[in-house]
Every structure is written in C-alpha cells, then in structure tokens.
Amino acid sequence: MKIVALAGGVGGAKLAHGLAQILKPEELTIIVNTGDDFEHYGLYICPDLDTVCYTLAELANPETGWGRVDESWNAIENASKLGGLDWFKLGDRDLGTHLERTRRLKAGDPLSQITRDFCKAWGVEHTILPMSDQSVRTMVDTDEGELAFQEYFVHRRCEPRVKGFRFVGVEEAEPASGAKEAIESADAIVICPSNPWVSVDPILKVFSLTASTSSARRPAPLPVGEGKPVVAISPIIGGETVKGPAAKMYRELGIEPSALAVANHYRGVITHFVMDAVDSQLTESVRGLNMRTLVTNTLMKSHEDRRQLAQAILQFVGSDS
Ligand code: GDP
C-alpha cells in the first residue's frame, strides 16, 4: 500500500516513524512542512524537516523530540559568550547539518535533493521531502504585531495571543520535485498528528488540498478526496495538545480545542478521522461531518505505540479502499 504522510515536526515525526516501521521504503513518502524554516547565524535551518529525518534515522533526542541524541553545545555557548544569540538552541552535531545544507543551497542544489542525500548518508531508506523547494515563510499575526514563526514559537515561547497566520510565498511555491507524483500515485494520504494551523495548513496550501484555495489559485487541484482516502489523526487529545501551542491557538482564535475542532478544520479535505479513546464521546459529531472515524490510542509514548497507531491507521484506510 503506497502512502504519503504529511508531517510537521515532533508529532508528525513520531507517526512517520511508526509508518516507516511497517511500510517498505518504496511504499512511504513523507512530505514535511518547511513554513517554519528560517535563517539564523547565516545558516538555513529546517526544524521540521530535520526532526523527521533525525527521527527516522534514530538520531533524534528522545527527551525533546527535536535535535540530536548525544548532543553537545560548545559552539552556541561560545557564540553566546561572545554576545551572540542563544534563544534558538543549535547543538554541535546539528550545526553540521545546517552548515552543509547552507553550503549546498548556496551552490544551487534544491532542498529536496539535499534532503535525499542527507537521508542516504543517515541510512534513511524511506523518502522524505520538503513540501517545496521554494521558500514559504509562516508569519503569525499576534496582539503584539506580526512575528516570523520561530520568533513567535521559540524566542517568544508562543506567549503573544494569536490572531491569524500568513504563509508568505505559498501562492508561488510549487510542490518539491517528486512530491506531486507521490501524492498522485498514493493509495492514501495520512495527515499526521501535527499542528493543523502552522504545520499542516502550509503543506495543504502548497498542494491545493484545501477547499478554500483550490479553485482560485490552481487550475487543477491534486486528485485526492475522489475515492482516495485522506485520513487525519488528531493532535488534540482530551481538549489539550500533547506538546506545543495548537490548543492555545484554537482558544485564541475563538474555537474550543477538541478532536472535533480538528476534524472540522480539515473538512472538505479528509475522508477519515482518527481520534483518541478519551474522545470517544465525539464520534457521532465527527461522523456528522461526513467522515469515517476510528477511535484508538493515539498517544505515542514508545516506538511500539508509534507502530501500533500506524498499523491501525493503515487497516482503517485499507479496509474500504
Ligand atoms: P512541531 O512542529 O514540532 O510543533 O510538531 P508538530 O506540528 O508535528 O506536532 C505538534 C503537535 O503534535 C501538537 O499539537 C501535539 O499535540 C501533537 N502530538 C505530539 N505527540 C503526539 C502523540 O503522541 N499523539 C498525538 N495524537 N498527537 C501528538
């Protein structure tokens, strides 16, 4: 069964890792958000892409979910002593990734090719692609003005109240090389339990998978949803996020955070929805949105949890495709 998974960082990477434990390399393509990419110290940093790559390479820090295991912090500590910025943590090993990526980008190589080459070097056999080789920048409109995503997310620790989002460059950004073909030939699309607002929406917009953008912007939206299952897994469990600001964003945007709110967010895009057992009382309401539902354990604490959730999702979408 050929699957395309759409992923942000930590939540997306965990499910992508579960899918990779089951599916053969040629059966899984993971398309990753790059709206939160930014330049720092002159280096091009792709936080979500690196999180997914490190996780599949089993190089990720299991405590944080981001960054690398066995990391040291000499370079950033030294830079900070010299008066440099230290709000974005860059480990020594991780820095090597950014140095080499920046060198290759400056030499003119596309991000998707660089990512393929890095994955090969790290022993990752499944395909991981950025959503686009062109720049898309997520901007967060807040009560303190508009902030670049990492400024809001890391520097300001998601404290400003959110009023909306803007994805600069998304109108012009083409899907990365190979990504459109992967979506077209997939048997099902899996939207990982990532932040709907800032991790998944940028990807959906690049691929014209949203009802709101498809007709206006691109002549031919990708043929998903017409018989092809598109399944989303709720990142909200029991009204809260496992990690990160998604629930806070829903509240600040005037929406009660819940699995139902997530299902509603993806209305018109998804055919199937997976939510946690603690939210089983929402099943009928989600079915009312014309989606098939699966209620299961969606909290991935261990590698086995990731594999079991991935297996349940594949069975769910495979059962009627
Ligand atoms: P980020 O870019 O690192 O913030 O990563 P993502 O957008 O991929 O992930 C953030 C979302 O993942 C949050 O809304 C979390 O609630 C969700 N998440 C993290 N771990 C899990 C998990 O084990 N299960 C589920 N269902 N959601 C999770």
Side-chain angles (χ1 to χ4, degrees), residues 5-19 30-38 45-56 60-67 88-89 128 130-131 136 138 140 149-150 152-154 157-158 162 165 167 190-204 231-253 255 257-263 265-266 273-280 282 293-310 312-313 316:
L6 311 183
V10 175
K14 287 198 279 182
L15 182 60
H17 184 241
L19 289 165
I30 304 148
I31 299 176
V32 184
N33 171 45
T34 52
D36 61 353
D37 291 6
F38 74 127
I45 300 174
C46 306
D48 284 357
L49 202 52
D50 289 342
T51 295
V52 173
C53 291
Y54 290 157
T55 302
L56 262 74
N61 179 339
E63 307 297 322
T64 54
W66 55 267
F88 194 88
K89 302 287 171 222
I128 302 175
M131 63 187 190
V136 176
T138 300
V140 187
F149 184 73
Q150 295 301 340
Y152 162 81
F153 190 67
V154 180
R157 297 165 199 267
C158 310
V162 163
F165 307 97
F167 307 108
V190 176
I191 300 179
C192 291
S194 290
N195 187 315
W197 300 103
V198 292
S199 293
V200 179
D201 277 0
I203 312 178
L204 297 180
V231 58
I233 295 83
S234 178
I236 306 261
I237 300 178
E240 290 300 334
T241 40
V242 180
K243 179 193 159 285
K248 179 175 180 283
M249 287 173 173
Y250 272 102
R251 268 185 223 107
E252 290 171 357
L253 293 166
I255 306 166
S258 67
L260 177 61
V262 175
H265 189 104
Y266 293 132
F273 188 69
V274 180
M275 57 191 173
D276 197 84
V278 302
D279 293 315
S280 59
L282 298 172
T293 58
L294 172 69
V295 176
T296 186
N297 170 36
T298 67
L299 186 59
M300 295 170 280
K301 287 191 183 155
S302 64
H303 283 202
E304 183 52 22
D305 289 343
R306 297 174 184 181
R307 202 193 60 76
Q308 278 181 12
L309 179 58
I313 293 163
F316 181 40

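Both counts, for ligands and for their atoms, begin at 1 and track the order of listing.
Of all protein heavy atoms, the one closest to atom 6 (P) of ligand 1 is Gly9 N, 3.4 Å. Of the protein's non-hydrogen atoms, Val242 CG2, 3.5 Å is the one closest to atom 28 (C) of ligand 1. Looking only at protein heavy atoms, the nearest one to atom 3 (O) of ligand 1 is Val10 N, 3.0 Å. Annotation: atom 4 (O) of ligand 1 to nearest protein heavy atom, Phe153 CZ, 3.8 Å.
For the pair Gln150 (side chain) and Asp37 (backbone), a donor-acceptor distance under 3.5 Å is absent. Looking only at distances, no side-chain donor or acceptor of Ser199 sits under 3.5 Å from a matching main-chain atom of Gly8.
The distance between the ring centers of Tyr54 and Trp66 does not fall below 6.0 angstrom.
Proximity of Thr51 to ligand 1 is not established, as no heavy-atom distance is less than 4.0 Å. The shortest heavy-atom distance from Gly244 to ligand 1 is not under 4.0 Å.
Look at Glu240 and Arg251 and you find a salt bridge, because one of the NZ, NE, NH1 or NH2 atoms lies within 4.0 Å of a carboxylate O, short of that distance.
Annotation: Gly11 places an N or O atom under 3.5 Å from an N or O atom of ligand 1; distance criterion only.
Between Phe38 and the choices Phe149, Phe153, Phe88, the ring-ring contact (aromatic ring centres under 6.0 Å, His included) rule is met once, by Phe88.
Counting heavy atoms from C-beta on, the side chains of Ser258 and Asp279 never come closer than 4.5 Å.
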